[in-house]
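What follows is one structure encoded as structure tokens, with my remarks underneath.
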Amino acid sequence: MLDIKFIRENPDLVRRSLENRCVQADLDGFLEADASFRSIVEEVNGLKHRKNLVAREIPNEKDANKKAELVARMKDLNLRLKDLDDESTRLDSLRNEIRLYIPNMPLNDVPVGEDASSNQVVSTWGEKRTPPFHPKGHVEIGSALKMLDMERGAKVTGSGFYILRDKLARMERALINLMMDIHTTQGYTEIWAPALANSSSMLGTGQLPKFEDDMYRIPSDDLYMIPTAEVTLTNMNREEILDLDDMPLRYQAFSPCFRREAGRHTGEEGMIRVHQFSKVELVSIVDPENSALELEKLTDDASEVLRRLDLPHRKVLLCTGDMTFSSAKTYDLEVHCPYNDRWMEVSSCSLFTDFQARRSAIKFRRQPHLPSEFVHTLNGSGLAIGRTMVAIMENYQTEEGGFAVPEALRPYMGGAERIEPLTGRTI
RNA sequence: GCAGAGGUAGCUAAGCUCGGUCCACGGCGCCGGACUUGAAAUCCGGUGGGCACCCGCCCUCGAGGGUUCGAAUCCCUCCCUCUGCGCCA
């Protein structure tokens, strides 16, 4: 969330940001509640001060009559205080509630635009593959191999869940290991963390309250299944004050990710938009001076996986209207897939400035005696496993219906150089 | 799941029985100052959040309610930690 003082002193900037992001939020309601709160809290504090003074007199007053008089004065003060105090509490909650729905301020170098058409391609790496035969999609490839089973996934759980078998199941594991080994050499500490998180954590990274309907929830224990390991990695240091020397904190974690994707079932995208997928996530916690540079590093660190897999890709700077709620600046990494000649997002790397840090109270001190300041948080996929698998299947497909294994992945696949259709019993 | 013991500031740790100079004792660490050639030791001051920044004011004892003129202290609910028992891959 944004700093209250910042909103109060820069309402025009916030209003323009809301317009640029195409987001509705009750900014006027906030400003009104804030102004009323501030005027009323002064009055409340004055009354409380007088109350505190009288309360200190009472135990020292020996005369019973005078004591009774003081107690009566306290009762009177309490009567006058009650309504005012309730009102100030109400206004405070109101302004904070509205504030939770105001998105982060985009950085100045983020292009203004309504949707993906205003995004800017920053750089492109590698050559598009154009096989001399009609390229297939990953669902056709995987199903023909008998290694991707959309139907049984739907039977066991529901539509939007798939099952992998044999080499593709192993490839899931292989990709996780390859990616994490790469990120380890880049300086990210490997973390294993829960796949469920509580509501405080979800509030801290911005999933709540606005995106409650996008998540799976366990009502019996008031827990949510994480939509990304960003939640667990960023919230690890929630309500902590770090030393400047602790930073940058760089974490990576593999986790399953759960998304309800309510109202968006097409059933035709195969593994691309599903309810559960695996992802290796990168998170950085840095001081404000280094955050812009850290976003470049983090994006490049994620790209390294694509370079190692020799997958043609591009780096895209998202415009104001296409960024997520909490982000101040976002790069997407998109891989080119020959099937339908399209670009597919496999990573989204964002700088949240102090937006998440303020929500989740992650602070740092420059020196032991100085006041604490909010850190800057960043995260990015490094990468989404399922979609990377899709990109490999489609980019490395052969005319025979299988696909080659990228060289970097072979050591993690028992040395396999290509994946051929299963023969024999494949129930 | 059951029983017991706990949760106090960056860390440590008094206070709770019996509500009122608690405006939260003390120590460690850290910051500033004095002393010193410099340092150590010693002494003085400071060290949770917000508003105002010259005084000053409000809030804060795991969270939220309640009782009371007044709650760290009494009552209720919840969360977390530790110990023992139970269950368990």
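Just so it is clear, the model here is predicted, and its values are computed rather than measured. Reminder, nothing fancy here: chain letters follow the sequence lines and each chain counts from 1.
- Nucleotides B/U12 and B/G29 have their C1' atoms positioned 10 Å apart, rounded to a whole Å.
- A search for side-chain hydrogen bond (donor to acceptor under 3.5 Å, both in side chains) contacts involving A/Tyr188 returns A/Asp301, not counting sequence neighbours.
- Take A/Phe6 and apply the ring pair (Phe, Tyr, Trp, His ring centres under 6.0 Å) test, not counting sequence neighbours, and it matches no residue.
- Where A/Ile241 and A/Ala72 meet RNA chain B, the nucleotide closest to each residue was compared, and A/Ile241 sits on the side nearer the 5' end.
- Rounded to whole Å, the separation between the P atoms of B/C28 and B/C23 comes to 25 Å.
- At least one side-chain heavy atom of A/Val156 sits less than 4.5 Å from a side-chain heavy atom of A/Ile163.
- The two residues A/Ala391 and A/Cys337 have their closest heavy-atom pair at CA-SG, 4.1 Å.
- The residue among A/Val54 and A/Leu70 whose nearest nucleotide of RNA chain B is located toward the 5' end is A/Val54.
- Nucleotides B/C25 and B/U47 have their P atoms positioned 11 Å apart, rounded to a whole Å.
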Legend entry - Per-nucleotide protein contact string for nucleotides 56-61 of chain B, where B marks a base within reach and S marks sugar-phosphate only (heavy atoms under 4.0 Å, - for neither): -SSS--
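- Within 4.0 Å (heavy atoms only), A/Lys363 reaches no atom of the nucleic acid at all.
- Using P as the reference atom, B/G10 and B/C61 are 13 Å apart when rounded to the nearest Å.
- With salt bridges taken as basic N to acidic carboxylate O contacts below 4.0 Å, one links A/Asp85 and A/Lys48.
- Between A/Asp214 and A/Arg260, the closest side-chain pair of non-hydrogen atoms is not below 4.5 Å.
- To the nearest whole angstrom, the two P atoms, one in B/U77 and one in B/G27, are 39 Å apart.
- Contacts classified as ring-ring contact (aromatic ring centres under 6.0 Å, His included) and involving residues 59-78 of chain A (residues at least two apart or in different chains) are not found.
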Show me the donor-acceptor pairs within less than 3.5 Å that the side chains of residues 167-179 of chain A make with the rest of the protein, sequence neighbours left out.
| unit_1 | atom_1 | unit_2 | atom_2 | d |
| --- | --- | --- | --- | --- |
| A/Glu172 | OE2 | A/Ser278 | OG | 2.5 |
| A/Asn177 | ND2 | A/Arg173 | O | 3.4 |

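- Nucleotides B/U60 and B/G49 have their P atoms positioned 16 Å apart, rounded to a whole Å.
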Please list each protein N or O that sits under 3.5 Å from an N or O in nucleotides 70-81 of chain B, with the distance.
| unit_1 | atom_1 | unit_2 | atom_2 | d |
| --- | --- | --- | --- | --- |
| B/G70 | OP1 | A/Asn78 | ND2 | 3.2 |

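- Within the structure, salt bridge (Lys or Arg N to Asp or Glu O under 4.0 Å) pairs that include any residue of residues 388-397 of chain A comprise A/Arg342-A/Glu394 (at least two apart or interchain).
- Comment: A/Arg95 engages A/Asp92 in a salt bridge, judged by a side-chain N to carboxylate O separation of less than 4.0 angstrom.
- Annotation: ring pair (Phe, Tyr, Trp, His ring centres under 6.0 Å) contacts of A/Phe364 (sequence neighbours excluded): none.
- Nucleotides B/G66 and B/A71 place their P atoms 12 Å apart, quoted to the nearest Å.
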Which atom pairs, donor and acceptor, lie under 3.5 Å between side-chain atoms of residues 66-81 of chain A and protein residues at least two apart or in another chain?
| unit_1 | atom_1 | unit_2 | atom_2 | d |
| --- | --- | --- | --- | --- |
| A/Asn78 | OD1 | A/Lys51 | NZ | 3.0 |

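- Of the residues in residues 83-94 of chain A, none has a non-hydrogen atom less than 4.0 angstrom from any atom of RNA chain B.
- Taking the ring centroids of A/Phe325 and A/Phe355, they lie under the 6.0 Å cut-off.
- Each salt bridge (Lys or Arg N to Asp or Glu O under 4.0 Å) pair with one or both residues in residues 281-295 of chain A, not counting sequence neighbours, appears once here: A/Arg250-A/Glu294, A/Lys279-A/Glu281, A/Glu289-A/Arg366.
- Between B/C11 and B/C87, the distance separating the two P atoms is 38 Å to the nearest Å.
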Legend entry - Secondary structure of RNA chain B in dot-bracket form (Watson-Crick or G-U wobble, distances below 3.5 Å, | marking inter-strand pairs): ((((((((.[[[..)....(.....]]]((((((.......))))))((((....))))..[[[[[..)....]]]]])))))))....
